[in-house]
S.K.: 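One structure, pasted below without further comment.
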Amino acid sequence: MPIFENLEPDLLYMLSKGSREIVAGKGERLFQKGDTAQGFYFVLDGKIKLAFISSRGTEKVVEIVHRHQSFGESVVLADSVWPYYSQALLDSRLLHVSSTAFHKVVSADRNAADLMLGNMAKRLCTMFADMEAFCLLTSRERVVGYLLREIEHKRQIGDSDLSVELPDTKANTASLLNLTPETFSRVIHALEREQAISVSRRMVTVLDLEKLQRGGGC
């Protein structure tokens with residue numbers, strides 16, 4: 001985990017003693033909304049959905065967490081309950097870092113605390129960018145932005161492949177972008193007709209990156 005890679009051996013040992021590996025099958029929930037957070041998670045393999053159910057019974061996807069990403073640090077620091085539930089979209093393997101071990105390490109190592117605060121600040125910036133997108137961007141701009149962000153994430157972990165695997169259902173991706181599944185499908189099909197992308201089941205492959213960056217138009 002990047003935020004702990006420079007820890008002193010004794011602190012790393014303390015952290016490891018408070019950590020455990022968790023295996024979650026596709027569709028399995030790690031915790032429910034309202035559960036007390038006992039620690040945060042780092043995704044070793046797989047993909048995790050964070051979401052909540054509205055009073056009307058509709059689901060809103062908050063975030064989809066990929067391999068080598070973490071979630072829940074801010075909830076642990078606040079000693080709060082989970083504001084959403086989590087569900088594995090694929091067979092997944094995670095590292096669970098206990099609240100107790102985490103608090104001891106960030107209290108003892110200023111660098112780890114600074115890195116953690118920086119990570120949470122980036123998350124906050126991303127949240128504000130998403131709010132702006134929901135309020136100001138068109139459905140097409142949201143879908144294009146999502147595809148470009150997914151490709152950029154792959155590049156950051158050394159994967160140059162220009163393809164994006166959508167979550168288990170079209171509805172999950174649409175909910176993440178605050179769109180209806182029908183609107184999401186219309187935008188995807190339009191981009192496909194314009195030969196900016198090709199689609200095979202849940203795999204979207206970018207055929208013309210520059211065209212997609214321009215919004216898919218000619």
Side-chain angles (χ1 to χ4, degrees), residues 1-2 23-28 30 41-51 58-71 86-94 119 122-123 125-218:
M1 297 178 63
V23 176
K26 180 179 178 180
E28 184 177 343
L30 297 170
Y41 297 82
F42 182 78
V43 182
L44 299 169
D45 290 296
K47 194 176 293 186
I48 304 295
K49 175 178 70 175
L50 308 179
T58 57
E59 181 182 72
K60 175 66 181 77
V61 179
V62 177
E63 187 178 3
I64 294 175
V65 189
H66 299 264
R67 180 172 175 259
H68 292 171
Q69 290 183 326
S70 59
F71 62 95
S86 68
Q87 183 179 38
L89 295 179
L90 304 172
D91 289 339
S92 301
R93 193 166 56 91
L94 306 96
N119 185 52
K122 289 179 182 178
R123 284 278 183 88
C125 289
T126 300
M127 184 184 302
F128 278 118
D130 288 342
M131 289 175 63
E132 178 186 32
F134 297 158
C135 297
L136 302 177
L137 299 185
T138 65
S139 55
R140 184 186 182 97
E141 288 170 333
R142 295 182 213 176
V143 174
V144 169
Y146 169 77
L147 294 175
L148 292 175
R149 285 196 303 272
E150 292 295 293
I151 289 170
E152 178 59 26
H153 169 70
K154 293 179 70 173
R155 284 181 170 176
Q156 290 174 358
I157 60 174
D159 187 347
S160 59
D161 181 41
L162 295 179
S163 61
V164 175
E165 185 177 9
L166 301 179
D168 57 339
T169 65
K170 176 174 59 181
N172 276 334
T173 310
S175 177
L176 180 66
L177 301 176
N178 209 32
L179 299 172
T180 65
E182 294 76 18
T183 299
F184 178 75
S185 290
R186 281 199 300 271
V187 174
I188 287 291
H189 292 155
L191 292 172
E192 193 173 21
R193 288 195 301 271
E194 294 160 13
Q195 298 184 337
I197 63 173
S198 65
V199 181
S200 177
R201 296 188 178 181
R202 292 191 294 111
M203 187 64 69
V204 177
T205 302
V206 177
L207 302 176
D208 191 325
L209 184 58
E210 290 186 5
K211 181 181 286 189
L212 188 66
Q213 290 169 334
R214 294 195 301 269
C218 298

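Side chains included, hydrogens not; waters and symmetry mates left out as well; all remaining heavy atoms used. From a predicted model like this one, the values you see are computed outputs, not experimental measurements.
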S.K.: Is a side-chain N or O of Thr180 found less than 3.5 angstrom from the main chain of Thr183, in a donor-acceptor match?
M.R.: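 The answer is yes, because a donor-acceptor pair under 3.5 Å joins these two groups.
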S.K.: The criterion is salt bridge (Lys or Arg N to Asp or Glu O under 4.0 Å); which residues satisfy it with Glu28, sequence neighbours excluded?
M.R.: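 Glu28 satisfies salt bridge (Lys or Arg N to Asp or Glu O under 4.0 Å) with no residue once adjacent residues are dropped.
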S.K.: So, for Leu191 and Arg140, which heavy atoms are closest and what is the spacing to 0.1 Å?
M.R.: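 Answer, listing the atom of Leu191 first, then Arg140: CD2-NH2, 3.6 Å.
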S.K.: Between atom CD1 of Ile197 and atom OG1 of Thr205, what is the distance when rounded to the nearest 0.5 Å?
M.R.: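 The OG1 atom of Thr205 is 9.0 Å from CD1 of Ile197, to the nearest 0.5 Å.
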S.K.: List the atom of Ser92, the atom of Gly46, and the distance in Å for their closest heavy-atom pair.
M.R.: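 The answer is OG-CA, 3.4 Å.
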S.K.: What pairs with Arg201 under side chain to side chain contact (heavy atoms under 4.5 Å, CB included), at least two apart in sequence or on another chain?
M.R.: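 Arg201 satisfies side chain to side chain contact (heavy atoms under 4.5 Å, CB included) with no other residue.
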S.K.: Does a side-chain heavy-atom distance below 4.5 Å link Asp208 with Gln195?
M.R.: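 Side chain of Asp208 against side chain of Gln195, heavy atoms only: no contact under 4.5 Å found.
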S.K.: Taking only residues two or more places apart in sequence or in another chain, which ones pass side-chain hydrogen bond (donor to acceptor under 3.5 Å, both in side chains) with Ser185?
M.R.: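 Ser185 satisfies side-chain hydrogen bond (donor to acceptor under 3.5 Å, both in side chains) with Lys170 only.
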S.K.: Please step through side-chain contact (heavy atoms from CB on, under 4.5 Å) for the pair Lys47 and Ile64, ending with a clear verdict.
M.R.: CA-CA 7 Å; Lys47 194 176 293 186; Ile64 294 175; 3.5 Å; yes
S.K.: With heavy-atom distances below 4.5 Å as the criterion, would you say the side chains of Leu30 and Phe71 are in contact?
M.R.: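 Yes. Closest side-chain heavy atoms under 4.5 Å.
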S.K.: Could you go through Glu194 and Arg214, starting from their C-alpha distance and side-chain angles, then the distance that decides it, and tell me whether this counts as salt bridge (charged side-chain N to carboxylate O under 4.0 Å, His left out)?
M.R.: CA-CA 12 Å; Glu194 294 160 13; Arg214 294 195 301 269; over 6 Å; no
S.K.: If a pair satisfies salt bridge (Lys or Arg N to Asp or Glu O under 4.0 Å) and one of its residues is in residues 153-166, list it, with sequence neighbours excluded.
M.R.: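 Pairs touching residues 153-166 that pass the test: Lys154-Asp159, Lys154-Asp161, Glu165-Arg202.
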S.K.: Less than 4.5 Å apart, side chain to side chain, heavy atoms only: is that true for Asn172 and Glu59?
M.R.: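 The answer is yes; the side chains approach within 4.5 Å.
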S.K.: Is there a side-chain contact between Leu179 and Val143 in this structure, where contact means two heavy atoms from C-beta onward sitting under 4.5 Å apart?
M.R.: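 Heavy-atom side-chain distance check passes, below 4.5 Å.
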S.K.: Would you please name every residue forming a salt bridge (Lys or Arg N to Asp or Glu O under 4.0 Å) with Glu150, sequence neighbours left out?
M.R.: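 Applying salt bridge (Lys or Arg N to Asp or Glu O under 4.0 Å) to Glu150 gives none.
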S.K.: Examine distances only and state if a side-chain atom of Asp91 and a backbone atom of Lys26 form a donor-acceptor pair shorter than 3.5 Å.
M.R.: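 Yes; at least one donor-acceptor contact below 3.5 Å.
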S.K.: State, to 0.1 Å, how close Ile48 and Ala88 come at their nearest heavy-atom pair, and which atoms those are.
M.R.: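 In terms of heavy atoms, the two residues are closest at CD1-CA, 3.8 Å.
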S.K.: Please name all residues satisfying side-chain hydrogen bond (donor to acceptor under 3.5 Å, both in side chains) with Glu192, sequence neighbours left out, ordered by chain then number.
M.R.: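 Scan of Glu192 (side-chain hydrogen bond (donor to acceptor under 3.5 Å, both in side chains), adjacent residues dropped) gives none.
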S.K.: Who passes side-chain hydrogen bond (donor to acceptor under 3.5 Å, both in side chains) against Thr58, sequence neighbours left out?
M.R.: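 For Thr58, the residues satisfying side-chain hydrogen bond (donor to acceptor under 3.5 Å, both in side chains) (neighbours in sequence not counted) are Ser54.
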S.K.: In Å and rounded to the nearest 0.5 Å, what is the NE2 to CG distance from His66 to Leu89?
M.R.: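 Interatomic distance, His66 NE2 to Leu89 CG, rounded to 0.5 Å: 9.0 Å.
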S.K.: Roughly how far, to the nearest 0.5 Å, is CG of Asn178 from OG of Ser139?
M.R.: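 CG of Asn178 is found 11.5 Å from OG of Ser139.
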S.K.: Would you give the length of the straight line joining atom OG of Ser160 to atom CD1 of Ile151, rounded to the nearest 0.5 angstrom?
M.R.: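 That separation rounds to 11.0 Å.
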S.K.: Tell me every residue that passes ring-ring contact (aromatic ring centres under 6.0 Å, His included) with Phe184, counting only those two or more places apart in sequence or in another chain.
M.R.: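 Once residues adjacent in sequence are excluded, Phe184 has no partner under the ring-ring contact (aromatic ring centres under 6.0 Å, His included) criterion.
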S.K.: State, yes or no, whether a side-chain contact exists between Leu176 and Tyr146 at a heavy-atom distance under 4.5 Å.
M.R.: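 SC-SC contact between Leu176 and Tyr146 confirmed.
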S.K.: Could you work out, with side chain to side chain contact (heavy atoms under 4.5 Å, CB included) as the rule, every residue matching Leu148, not counting sequence neighbours?
M.R.: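 Result, side chain to side chain contact (heavy atoms under 4.5 Å, CB included) vs Leu148: Val144, Leu209, Leu212, Gln213.
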S.K.: Listed by chain and number, what are the side-chain hydrogen bond (donor to acceptor under 3.5 Å, both in side chains) partners of Asp45, not counting sequence neighbours?
M.R.: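 side-chain hydrogen bond (donor to acceptor under 3.5 Å, both in side chains) check on Asp45 returns Arg67, Arg93.
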S.K.: Using the ring-ring contact (aromatic ring centres under 6.0 Å, His included) criterion, which residues pair with His68? Sequence neighbours excluded.
M.R.: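 Not a single residue meets the ring-ring contact (aromatic ring centres under 6.0 Å, His included) criterion with His68.
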